[in-house]
Amino acid sequence: MANIFGDFRRVLLSALDDLVAEDALPPGLDMTRVAVEPPRDPAHGDLATNAAMVLAGQVQQNPMVLAEKIAAALQGRELATGDYRGSGFSVHAVKPGFLNIRLDPAVWHAQLRAILEAGTAYGDSTVGQNERVNVEFVSANPTGPMHVGHGRGAVVGDALAALLAKAGFAVHREYYINDAGAQVDALARSLYFRYQEVVAAQPESRLLHSSAVLQAALVQPEGFYPGEYLKDAARKLFQRDGEKWFDKPEAVWLGPVRDFAITEMMALIRDDLAALGVGFDAFVSERELVRSGAVDAALAALTERGLIYEGVLEPPKGKLPDDWEPRPQTLFRATQFGDEVDRPLKKSDGSWTYFAGDIAYHHDKFRRGFRNLIDVWGADHGGYVKRMQAAVKALSDGEAALDVKLCQLVHLFDKGEPVRMSKRAGTFVTLRDVIDQLDELAGEHGKDVFRFIMLTRKNDQTLEFDFAKVTEQSKDNPVFYVQYAHARAASVMRHAAEMLSRDQLSDAALAEAPLGRLGDPLELALIRLLASWPRIVEGAAEAHEPHRIAFFLQDVAAQFHLLWTKGKDEATLRFLVGGDPELTRARLALVRAVALVIASGLRVFGVDPVDEM
RNA sequence: GACCCCGUAGCUCAGCUGGAUAGAGCACUCGCCUUCUAAGCGAGAUGUCGCCGGUUCAAGUCCGGCCGGGGUCGCCA
């Protein structure tokens with residue numbers, strides 16, 4: 001894939017080699033910090049390099065003098081690779097020691113051709129070198145439908161995974177099902193409560209005579225889940241099993257009812273994920289891990305390394321829990337790996353803590369060959385990051401790295417008014433509610449709106465989500481603004497069909513258009529922006545920051561709208577130029593390239609580009 | 001008390017892993033808008049980058065210490 005920055009860097013390095021050969025520079029210089037970047041200010045040219053300033057210290061020379069020297073060595077060279085082979089450039093040494101490079105426009109025209117030839121694959125990179133990455137996200141407890149916070153995590157994880165794939169990593173998406181702890185027992189008891197209600201309401205029940213008594217005896221269990229969805233599940237359970245469990249002791253029904261509940265809840269969650277367009281390569285069950293002995297294996301691995309011991313922890317600072325008592329427990333030496341305290345692995349009842357299971361899970365990822373691990377969590381799990389990283393470091397002997405992306409809260413608003421949520425008051429808003437609402441307001445593109453907006457903030461920034469704003473058709477709304485640019489490009493192409501034949505309008509044909517006719521500064525600026533897409537992909541992928549793409553797409557849309565508007569004032573700048581089909585084809589090549597790059601970016605986000613609005 | 005995140009224009013936020021004069025949108029002022037798709041366009045004004053030190057050719061960006069806001073803090077997940 002054409003990458004002008006890398007290509008120019010090679011030219012620069014060969015010029016520096018020549019200077020070394022001429023004894024103008026000493027051998028053995030460290031070039032790692034020599035960068036070729038787009039300058040912030042377009043007045044500084046197309047490319048800029050800090051070479052003189054980075055090397056000045058090493059060779060004890062004035063950076064400006066050195067810059068002049070390098071500029072002279074670059075003089076007369078040509079770009080040796082890519083579609084722009086043989087193109088020239090000019091170099092200027094400037095102020096503190098920067099080298100500003102201006103490329104022949106032909107270089108940019110070649111970039112434009114490359115976009116048309118690559119299509120939405122433009123921006124694909126090989127920096128990932130097919131290295132495997134495991135992205136774990138959502139992992140919502142199977143105790144009910146997803147809420148908005150889960151939705152953010154789902155979108156961030158999914159987009160990050162797609163971004164990494166585009167950057168050349170071999171990505172694996174996983175969902176960890178927390179189906180082993182006390183919460184799923186509470187879920188099972190809650191479902192059983194609803195089940196009893198269903199049975200008691202059966203007119204023909206053989207237990208009808210005692211239903212009044214039973215009603216009085218019905219007690220909501222500890223940690224009761226009040227949602228309506230459990231009533232549905234209870235009806236299904238009754239349909240399947242009838243009154244079978246009704247008068248049995250808990251020891252009998254708890255297991256089967258729990259299994260049923262988890263299956264039902266995961267079905268709900270899968271529906272929610274499907275509504276968002278999020279898919280996984282694997283769902284990993286905590287209970288399955290425990291059953292398979294994975295926890296024992298992980299703990300054995302830690303024991304082998306001398307990282308487990310029986311000990312008593314200091315009481316936590318701050319608010320002391322009421323029932324605190326010093327007690328010896330099984331601890332992991334997390335402090336050896338940067339955590340504040342050593343962490344318990346067993347509960348007082350002898351069962352594993354959540355942490356123990358999670359250690360086993362991450363150990364399992366490592367054993368499956370993953371060295372790059374990414375977890376996407378809610379910000380309320382922030383206190384858990386260090387211990388998990390400590391465990392990964394310990395179990396992989398430092399070979400694997402875990403990056404945790406914490407997603408901050410989403411605050412829902414409508415027309416500036418906060419949407420108050422309370423589980424107790426029944427005004428709890430599920431993810432599905434939000435998407436349905438958006439479908440209504442935005443015409444069936446609810447998930448696209450939701451996904452895009454979720455990515456318009458860094459993950460660690462709280463996000464304000466206003467139903468009115470995200471569905472309004474105006475420039476203030478980034479989803480609309482970007483989609484409109486895509487639709488507008490499509491619209492221009494439809495109009496072009498009145499001037500040119502279908503064959504002439506294919507991407508392949510447009511790639512052969514006389515692109516040299518594109519010489520307006522605005523046109524070249526737009527091409528430059530489009531050509532930076534591969535760089536954006538690589539940077540965002542390396543930083544694990546998908547939100548950068550949202551900002552890039554807004555930039556592209558803004559530049560495109562700007563050019564379009566310019567055509568209103570200056571007829572010569574219109575895309576469709578009557579009487580000049582060649583120029584028109586060149587302009588259409590640019591229009592198509594805009595659409596392709598936007599589509600390429602939206603694809604990373606899992607958002608469908610629209611051709612009409 | 002400890003740890004994590006945040007602090008950039010009046011507001012909401014970017015700032016491309018250290019680059020040149022710190023940006024965008026909203027709001028504000030002024031002008032424009034019968035033409036490829038309309039939901040707008042152009043111009044103007046706006047800053048102790050929370051504060052103080054340090055690292056270096058160069059710091060909003062990295063390090064240390066404060067201040068302010070949020071979150072978390074044994075056997076919940």
Side-chain angles (χ1 to χ4, degrees), chain A residues 33 35 37-41 43-44 48 50 52-54 56-57 62-63 94-98 100 139 141 143 178 180-184 223 286 312-321 323-327 329 331 339-341 343-351 353-355 357-358 379-386 406 408-409 456-458 460-462 464 472-476 478 480-481 484 487-488 490-496 498-499 532 535-536 538-540 542-543 545 547-548 550-552 554-555 558 561-562 564-569 571 574-577 591 612-613:
Chain A
R33 298 194 53 199
E37 300 172 314
R40 267 186 203 167
D41 187 344
H44 293 144
N50 58 358
M53 285 182 292
V54 170
N62 178 302
V94 88
K95 284 184 254 173
F98 283 106
N100 288 337
S139 298
N141 294 338
T143 53
N178 305 138
Q183 287 194 2
V184 285
E286 181 185 4
V312 182
L313 285 178
E314 295 285 307
K317 303 282 167 58
K319 287 170 284 178
L320 200 62
D323 55 348
W324 166 265
E325 54 182 65
R327 194 169 44 75
Q329 40 191 345
L331 299 170
D339 200 359
E340 278 83 46
V341 293
R343 304 293 180 175
L345 301 170
K346 266 187 186 174
K347 302 185 205 171
S348 51
D349 69 0
S351 65
T353 59
Y354 177 77
F355 183 44
D358 218 3
D380 54 336
H381 291 60
Y384 198 76
V385 174
K386 281 191 178 178
L406 296 177
Q408 274 293 348
L409 298 176
T456 54
R457 289 283 179 275
K458 274 189 293 207
D460 44 19
Q461 194 78 242
T462 58
E464 294 193 3
E472 103 189 339
Q473 303 207 335
S474 83
K475 193 181 173 181
D476 314 346
F480 171 78
Y481 197 57
Y484 183 35
R488 183 171 258 178
S491 164
V492 173
M493 295 308 292
R494 284 193 295 272
H495 280 267
E498 295 162 15
M499 269 180 76
S532 69
R535 241 181 91 81
I536 299 288
E538 290 180 5
E542 274 173 37
E545 291 186 350
H547 76 276
R548 290 187 193 183
F551 287 91
F552 171 76
Q554 290 179 73
D555 283 347
H561 288 311
L562 180 66
W564 190 93
T565 313
K566 210 76 177 177
K568 285 175 88 166
D569 298 339
R574 293 203 182 174
F575 300 130
L576 305 178
V577 189
V591 170
E612 292 180 71
M613 304 192 81

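The distance between atom CG of A:Asp339 and atom P of B:rC73, rounded to the nearest whole Å, is 14 Å. The CG-P distance, from A:Asp380 to B:rU72, rounds to 7 Å in whole Å. Between A:Tyr484 atom OH and B:rG40 atom P there is a gap of 9 Å when expressed in whole angstrom units. In this structure, CD of A:Gln329 is placed 14 Å from C1' of B:rC76, rounded to the nearest angstrom. What separates CD of A:Gln554 from P of B:rC16 is a distance of 16 Å, to the nearest Å. B:rG74 atom C1' lies 13 Å from atom CZ of A:Phe355, rounded to whole Å. In this entry the distance linking CZ of A:Phe480 with P of B:rG25 reads 16 Å, nearest Å. Here the P atom of nucleotide B:rU56 and the CZ atom of A:Arg33 are 12 Å apart, to the nearest Å.
A close approach under 4.0 Å does occur between a side-chain nitrogen or oxygen of A:Lys347 and OP1 or OP2 of B:rC76. Between A:Lys386 and B:rC4, a side-chain N or O to OP1/OP2 separation shorter than 4.0 Å is present.
By the 4.0 Å N-to-carboxylate-O rule, A:Lys386 lies close enough to A:Glu340 to be salt-bridged with it. At a threshold of 4.0 Å, the pair A:Arg548-A:Glu545 counts as salt-bridged, since one of the basic side-chain nitrogens sits closer than that to a carboxylate oxygen.
B:rG31 sits 38 Å from B:rG19 when the C1' atoms are compared, rounded to a whole Å. Between the P atoms of B:rC66 and B:rA2, the separation comes to 8 Å (whole Å). For the C1' atoms, the distance linking B:rG64 with B:rA9 amounts to 29 Å, nearest Å. Look at the C1' atom in both B:rC51 and B:rC76: the space between them is 39 Å, to the nearest Å. For B:rG10 and B:rC63, the P atoms lie 28 Å apart once the distance is rounded to whole Å. Rounded to a whole angstrom, the distance from the P atom of B:rG7 to that of B:rU29 is 30 Å. The C1' atoms of B:rG47 and B:rC11 are separated by 14 Å, rounded to the nearest whole Å. On the C1' atoms, B:rA59 is 14 Å away from B:rU8, given to the nearest whole Å.
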When you look at A:His561 and A:Tyr484, which way does the ring pair (Phe, Tyr, Trp, His ring centres under 6.0 Å) test go after all the steps? CA-CA 9 Å; A:His561 288 311; A:Tyr484 183 35; 5.3 Å; yes
Evaluate A:Met499 against A:Leu576 for side chain to side chain contact (heavy atoms under 4.5 Å, CB included), listing each step before the verdict. CA-CA 8 Å; A:Met499 269 180 76; A:Leu576 305 178; 4.0 Å; yes
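The base of B:rC41 has none of its N or O atoms less than 3.5 Å from a complementary donor or acceptor on the side chain of A:Thr565. Contact of A:Tyr384 with B:rA77 (side chain to base): no donor-acceptor pair of N or O atoms is detected under 3.5 Å. Judged by distance alone, with hydrogens and angles left aside, A:Asn100 brings a side-chain donor or acceptor within reach of the base of B:rA20, the pair sitting under 3.5 Å.
If you take OG on A:Ser348 and CZ on A:Arg327, they are separated by 5.0 Å, rounding to the nearest 0.5 Å. Between A:Asn50 atom CG and A:Glu37 atom CD the span is 6.5 Å, to the nearest 0.5 Å.
Using the six-membered ring where Trp is involved, A:Tyr354 and A:Tyr384 have ring planes that are tilted, between 30° and 60° apart.
Within 4.0 Å of A:Leu409, counting heavy atoms only, lies no atom of the nucleic acid at all. At the heavy-atom level, A:Ser491 lies under 4.0 Å from base atoms of the strands shown. Backbone-only engagement by A:Pro344 is indicated by non-hydrogen atom pairs under 4.0 Å involving sugar-phosphate atoms exclusively. The residue A:Ala48 sits close to a base: some heavy atom pair falls under 4.0 Å. Among the atoms of the strands shown, base atoms are found under 4.0 Å from some heavy atom of A:Val94. Note on A:Ala56: nothing from the nucleic acid sits closer than 4.0 angstrom, heavy atoms only. At the heavy-atom level, A:Gln473 lies under 4.0 Å from base atoms of the strands shown.
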Pairing string of RNA chain B (Watson-Crick or G-U wobble, both atom distances under 3.5 Å; | = paired to other strand) is (((((((..((((.....[...)))).(((((.......))))).....(((((..]....))))))))))))....
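Contact of the A:Glu612 side chain with the A:Ser491 side chain is not registered, since no non-hydrogen atoms from C-beta on lie closer than 4.5 Å. A 4.5 Å side-chain heavy-atom check between A:Met613 and A:Phe480 finds at least one atom pair inside the cut-off.
Counted within 6.0 Å of NZ on A:Lys566, heavy atoms from surrounding residues, nucleotides or ligands total 12 or fewer; the atom is thus considered open.
Taking for each of A:Leu562 and A:Ala540 the nucleotide of RNA chain B with the nearest heavy atom, the 5'-most of the two is the partner of A:Ala540. Toward the 5′ end of RNA chain B lies the nearest nucleotide of A:Phe575, the other residue of the pair A:Phe575 and A:Arg343 mapping further downstream.
Nearest nucleotide to the A:Asn178 side chain, out of B:rA77, B:rC3, B:rC75: B:rA77. When the nucleotides B:rG74, B:rA39, B:rC4 are ranked by their closest atom to the side chain of A:Leu406, B:rC4 comes out on top. Comparing B:rG74, B:rC16, B:rA20 by their closest approach to the side chain of A:Pro39 singles out B:rA20.
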Heavy-atom contacts, protein to nucleotides 9-14 of chain B, under 4.0 Å, summarised as B (base), S (sugar-phosphate only) or - (none) per nt, yield ---SSS
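Side-chain atoms of A:Gln183 and A:Asn141 form a donor-acceptor pair, as typed in the model, at a separation below 3.5 Å.
At distances below 3.5 Å, not a single donor-acceptor pair connects side-chain atoms of A:Arg33 with backbone N or O atoms of A:Val54.
A glycosidic torsion no more than 90° from 0 defines the syn conformation, and B:rU17 adopts it.
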